[in-house]
Amino acid sequence: MSREVLLLVDALAREKNVEKDIVFAALESALASATKKRFHEDADVRISIDRETGDYQSFRRWQVVADDAVEEPARQISLSEALQSDVEIQLEEFIEVPLEPVEVGRIGAQAAKQVIYQKIRDAEREQILNDFLERKEYMVSGTIKRMERGNAIIESGRVEALLRVDQMIPKENLRVGDRVRAYLSKVDRTARGRN
């Protein structure tokens, strides 16, 4: 499997124009979510993929907290308990126990696939937005893609912008397909589909 992992990461990174580390992080997160399904409680699982060989290791983690501050026993361990296994452990550090590699079933693979695609979509969106912002152009031109409640959604390259109805020229009649120029006033990274 290790060789296939490296080929998959390389192909996804090239196809989506994102860093390999982002793809590795998405894969680690997906494998962690598949591994968590083995536990009945909400366990903290960390996956580490070797960037050279493609092999991976699974760990269950507990965060070290003060003796009277343990609120989630599935994710936290008291300092006095942690000191029994590691005498140099400090507060807020983690104790990790290696896990056996989990067999990912069909449902786990589907969930992992969704996690990977979501993380890659987010990274791709961020990359497109950063490329757009690097141009430092505040006058944007584009085509009206659709109208929603009087607001115009403008497509400018691979970025969408929202032109609110209160920001339009009064009595201007805009329709889908019209070319417009607008001043970019703010960027909202959290908005889905509109930046």
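Bear in mind the structure is a predicted one, so any value in this text is a computation, not a measurement. Side-chain atoms are counted along with the backbone in the values below, which use heavy atoms only and exclude waters and symmetry mates.
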Remaining members of hydrophobic cluster (4.5 Å side-chain criterion), Trp62: Val64, Ile77, Leu79, Leu83, Ile89, Leu91, Ile95, Val97

Residue set satisfying salt bridge (charged side-chain N to carboxylate O under 4.0 Å, His left out) with Arg164, at least two apart, ordered chain then number -> Asp166

By side-chain hydrogen bond (donor to acceptor under 3.5 Å, both in side chains), Gln167 pairs with (sequence neighbours left out) none

Side-chain donor or acceptor of Gln127 paired with backbone N/O of Ala123 under 3.5 Å: no

Co-membership, hydrophobic cluster, residues Leu8 and Val18, 4.5 Å side-chain: yes

Assigning hydrophobic clusters by single linkage (Ile, Leu, Val, Met, Phe, Trp, Tyr; side-chain heavy-atom cutoff under 4.5 Å), is Met168 placed with Ile153? no

Inter- and intrachain pairs under side chain to side chain donor-acceptor pair (under 3.5 Å), touching residues 83-96, at least two apart: Arg46-Glu96, Gln63-Glu92

State plainly whether one hydrophobic cluster holds both Ile47 and Phe94, where clusters connect Ile, Leu, Val, Met, Phe, Trp and Tyr through side-chain heavy atoms under 4.5 angstrom apart. no

Could you go through the side-chain contact (heavy atoms from CB on, under 4.5 Å) check for Ser29 and Lys119 one step at a time? CA-CA 9 Å; Ser29 176; Lys119 292 223 182 261; 3.4 Å; yes

With sequence neighbours excluded, residues passing salt bridge (charged side-chain N to carboxylate O under 4.0 Å, His left out) with Asp10: Arg14, Lys20

Residues two or more places apart in sequence or in another chain: which of them pass side chain to side chain contact (heavy atoms under 4.5 Å, CB included) with Arg149? none

Ala74: which residues meet the side chain to side chain contact (heavy atoms under 4.5 Å, CB included) condition with it, sequence neighbours left out? Glu41, Arg60

Side-chain ion pair, Asp21 and Arg51, N-O less than 4.0 Å: yes

Nearest heavy-atom pair of Thr35 and Ser58: which atoms, and what distance? OG1-OG, 4.4 Å

Are Leu12 and Leu7 connected into the same hydrophobic cluster when the rule is that any two of I, L, V, M, F, W, Y join if their side-chain heavy atoms are below 4.5 Å apart? no

Could you pull out all residues at least two apart from Gln57 that satisfy side chain to side chain contact (heavy atoms under 4.5 Å, CB included)? Phe59

What residues form a side chain to side chain contact (heavy atoms under 4.5 Å, CB included) with Glu155, not counting sequence neighbours? Lys145

side-chain hydrogen bond (donor to acceptor under 3.5 Å, both in side chains) partners of Ser141, counting only residues at least two apart: none

Which is it for Glu134 and Asn130 under the side-chain hydrogen bond (donor to acceptor under 3.5 Å, both in side chains) test, yes or no, and what are the steps along the way? CA-CA 6 Å; Glu134 278 179 13; Asn130 287 337; over 6 Å; no

Any side-chain to backbone donor/acceptor pair from Asp50 onto Asp55? Under 3.5 Å, distance only. no

With sequence neighbours left out, what residues match Asp42 under salt bridge (charged side-chain N to carboxylate O under 4.0 Å, His left out)? Arg75

Assigning hydrophobic clusters by single linkage (Ile, Leu, Val, Met, Phe, Trp, Tyr; side-chain heavy-atom cutoff under 4.5 Å), is Tyr56 placed with Leu6? yes

Could you pull out all donor-acceptor pairs under 3.5 Å where a side-chain atom in residues 172-180 meets a protein atom, sequence neighbours excluded?
| unit_1 | atom_1 | unit_2 | atom_2 | d |
| --- | --- | --- | --- | --- |
| Asp178 | OD2 | Arg175 | N | 2.8 |
| Arg179 | NH1 | Thr143 | OG1 | 3.3 |

Report the C-alpha separation of Ile154 and Val140 in whole Å, then their side-chain angles, then the decisive distance to 0.1 Å, and conclude whether the side-chain contact (heavy atoms from CB on, under 4.5 Å) test is met. CA-CA 10 Å; Ile154 301 169; Val140 292; over 6 Å; no

